[in-house]
There are 2 protein chains.
Amino acid sequence: MADVAKLAGVSISTVSYALSGARPISEATRGRVQWAVEQLDYQPNIMARGLAGRRTGFLTLLLPTDETPADSFMIDIIVAAAEAARERGYHLLLWTEPTGESAGVKDLMRRGLIDGALLLSVRLHDDRVSALRGAGVPLTMIGRTQDTDGSHFVDSDAEQAAEVAIAHLAELGHTTVAYVGPPRSAYDDGIGIVIRIHDSLVRSAERHGLRLIPAFAERKVAASARAISELMAAEPEISAVLTLDDSAIAGVLDGLRSIDHSVPSDVSIIGLLVSPEVAEMAWPKATTVSHDPRDLGRLGVLAMIDSLDGVSDRATQFLLPSELVERSTTAPRQAASR
Amino acid sequence: MADVAKLAGVSISTVSYALSGARPISEATRGRVQWAVEQLDYQPNIMARGLAGRRTGFLTLLLPTDETPADSFMIDIIVAAAEAARERGYHLLLWTEPTGESAGVKDLMRRGLIDGALLLSVRLHDDRVSALRGAGVPLTMIGRTQDTDGSHFVDSDAEQAAEVAIAHLAELGHTTVAYVGPPRSAYDDGIGIVIRIHDSLVRSAERHGLRLIPAFAERKVAASARAISELMAAEPEISAVLTLDDSAIAGVLDGLRSIDHSVPSDVSIIGLLVSPEVAEMAWPKATTVSHDPRDLGRLGVLAMIDSLDGVSDRATQFLLPSELVERSTTAPRQAASR
DNA sequence: TTGTAGGCGTTATCAT
DNA sequence: ATGATAACGCCTACAA
């Protein structure tokens with residue numbers, strides 16, 4: 001930077017201001033500085049900037065890692081977040097920490113490394129949120145807590161997604177619907193999206209006069225396969241199944257095959273909030289009610305940066321609506337015949 | 001740090017040395033420093049350390065992003081890399097950049113941000129490697145170039161994987177085997193693993209006296225489905241299929257179903273280098289010849305750090321062997337009967 | 001074994 | 001509108 005100043009014939013601080021635009025600089029000198037910068041192919045040192053300034057340009061994404069390995073949906077979020085950060089001149093740190101813990105992130109903040117943190121797999125009552133808030137870490141959630149007053153978040157609109165899915169099944173004439181959801185532990189942990197989807201499904205089903213039979217299955221193919229076959233044995237009138245996880249959909253297909261129910265002629269399936277890749281990989285290709293997971297990552301980062309910049313006086317809160325994408329696992333209900 | 005020094009009754013530099021262990025410190029003072037550190041819950045500032053020292057503690061993972069969205073296999077690599085970095089006290093930056101480009105990473109280096117870079121999707125002749133080398137960026141490849149002299153890498157042992165897969169099919173009595181590989185563009189780009197797997201399969205097939213019929217398919221379910229059905233039409237004696245990508249295996253299953261070939265009784269399938277998650281999601285569950293993708297990420301980071309620390313005088317080069325995991329897509333060849 | 005002091009490359013606070 | 005200069009918090013010769 002000193003070199004640039006010399007070459008441009010100005011002081012070091014002028015160069016700094018010309019580059020940051022933090023104070024008015026005459027056109028003439030700004031031009032000379034620009035020229036010198038290009039001449040020397042100068043790139044400001046990030047560490048020095050972070051040390052001296054009050055912004056480091058780093059964001060971190062807190063990735064819960066004790067859970068199931070990240071599925072496609074989450075991956076899409078992460079990669080999109082990285083891209084968005086890069087586009088806005090920020091750097092995205094991938095920080096793995098067991099669910100519910102945030103000591104590491106707090107340290108990152110105290111060590112002057114990050115400007116803020118993005119949270120994944122947010123619980124309705126999330127200790128991390130209060131801990132990080134208390135530590136003065138700006139944060140935005142991908143997902144959301146129960147009480148969202150004044151907090152920044154981007155989340156899937158569970159209520160709307162549930163309604164779309166249930167309404168579609170109702171239209172198709174289904175009256176008894178199973179829901180193969182995440183394991184009980186996810187409910188016990190109070191994972192926001194899990195609880196909201198469940199509750200919303202219950203409400204929507206009621207509104208449409210459908211009977212909804214929930215089940216819980218570990219996030220493994222075999223577990224959801226077992227869940228659905230047990231469910232079908234107990235409640236043979238089930239003619240449609242809703243699922244939440246990437247693995248659940250494959251498992252349900254598996255389970256139905258094992259008991260000789262064909263999809264979609266005997267049983268319809270709708271996958272909630274699944275990535276398009278996984279939906280396409282299933283056989284038959286799965287009908288879904290979902291949105292682009294990438295939006296969660298992208299908007300999350302943008303919301304974070306906006307809040308850092310203080311562009312808005314109130315918190316940015318996005319609720320992403322889902323769309324029904326009909327593939328090959330849904331059909332009108334058949335007249336009972338078996 | 002000044003506070004710690006005061007509390008411990010020593011100089012600032014003593015604290016620094018006590019913490020870094022860069023020079024001998026008496027037990028007594030080291031103890032006092034330790035105590036003061038804990039007392040104040042002191043955490044060294046990362047930016048300052050990066051500015052003053054010659055190490056920043058940052059690594060970056062170069063993620064090609066113009067290609068197909070990252071599949072499970074790659075994700076596992078990434079997450080494992082993040083975990084390994086964290087365990088070793090490093091920070092992992094996710095850097096998205098179009099395949100083949102490295103200007104961004106070079107800048108990261110010049111801006112004093114990173115200690116080194118990890119490369120994914122390495123080509124046999126990769127411009128990034130020479131560019132980064134030229135710019136003095138320490139790098140280790142996850143994958144490898146053709147010429148590996150003096151470079152650090154962790155890669156799947158394609159030769160061995162191909163041999164295991166072919167040998168198994170040979171044992172099962174198959175004599176004509178299709179290979180639904182990646183799209184031609186991947187070959188044209190010279191992606192290392194793609195070429196190596198292909199060439200190794202050819203050699204192994206020859207060695208075992210099998211006929212190998214390769215095909216190229218875009219990384220989409222529909223594309224590989226079409227590829228295999230065309231292949232079967234042209235060469236009806238095919239009784240086994242090898243695949244490379246996560247999506248290919250679903251596609252091949254799809255395609256075979258569409259032409260009424262059942263798996264594995266009519267046709268066997270082996271997926272090469274696929275993540276266990278995807279193998280389990282397929283139906284039937286796919287037999288694979290693979291290794292834990294996480295090893296690639298973990299070992300890659302460790303190799304990088306070792307090279308940074310200069311622990312070894314020669315380059316660390318790992319070739320990971322694969323294992324056959326029999327699931328439900330392989331069976332002995334049936335006597336021709338259709 | 002320990003202390004002193006200069007420097008890392010910016011930003012921010014004073015002046016001018 | 002611009003300059004000089006003190007932080008920023010740590011590392012590392014150099015001295016003692």
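All of these numbers come straight from a predicted model, not from anything done at the bench. Protein chains get the first letters and strands the later ones, always in sequence-line order, with residue 1 at the start of each.
- The CE-C1' distance, from A:M1 to D:dG3, rounds to 13 Å in whole Å.
- Among the heavy atoms of the strands lying under 4.0 Å from A:T29 are primed sugar atoms or P, OP1, OP2 only; no base atom is included.
- Nearer to the 5' terminus of DNA chain D, by closest-nucleotide assignment, is the contact made by B:A48 (compared with the other of B:S13 and B:A48).
- Judged by distance alone, the side chain of B:D155 and the main-chain N or O of B:L319 form no donor-acceptor pair under 3.5 Å.
- Per the geometry, CD belonging to B:E27 stands 15 Å off C1' belonging to C:dT2, to the nearest Å.
- Taking all atoms of both residues into account, the shortest heavy-atom contact from B:I46 to B:T56 is CG2-O, 4.3 Å.
- Distance from the side chain of B:T14 is smallest for C:dT2 among the nucleotides D:dC11, C:dT2, D:dA4.
- Within 4.0 Å of A:I25, counting heavy atoms only, lie sugar-phosphate atoms of the nucleic acid but no base atom.
- Taking atom CZ of B:R23 as the reference point, atom C1' of C:dT4 lies 10 Å away to the nearest angstrom.
- Comparing C:dG3, D:dC11, C:dG9 by their nearest atom to the side chain of B:V10 picks out C:dG3.
- Residue-level contact check: B:S26 touches the backbone only, with heavy atoms under 4.0 Å from sugar-phosphate atoms and none from bases.
- Across all strands shown, B:R54 has heavy atoms under 4.0 Å from sugar-phosphate atoms exclusively, and none from any base.
- Atom pair A:R55:CZ and D:dC8:C1' shows a separation of 17 Å (rounding to whole Å applied).
- The CD1-P distance, from B:I12 to C:dG6, rounds to 14 Å in whole Å.
- Side-chain contact annotation: A:S13 with A:S16, donor-acceptor N/O pair under 3.5 Å absent.
- Between C:dG3, D:dC11, D:dC8, one nucleotide has an atom nearer to the side chain of B:R49 than all others, and that is D:dC11.
- Using a 30° and 60° split on the angle between ring planes, B:F58 and B:H91 fall in the tilted class, from 30° to 60°.
- As rounded to whole Å, 19 Å separates atom P of D:dC8 from atom CZ of A:R111.
- Distance B:Y17 OH to C:dA5 P: 15 Å, rounded to the nearest Å.
- Rounded to an integer number of Å, the gap from CD1 of A:I46 to P of C:dC8 is 19 Å.
- Defined by atom type and a distance below 3.5 Å, a donor-acceptor pair is present between the side-chain atoms of A:E83 and B:T65.
- Residue contacts shown for A:Q43 are limited to sugar-phosphate atoms, with no base heavy atom under 4.0 Å away.
- For D:dC10, neither phosphate oxygen OP1 nor OP2 lies less than 4.0 angstrom from any side-chain nitrogen or oxygen of B:S16.
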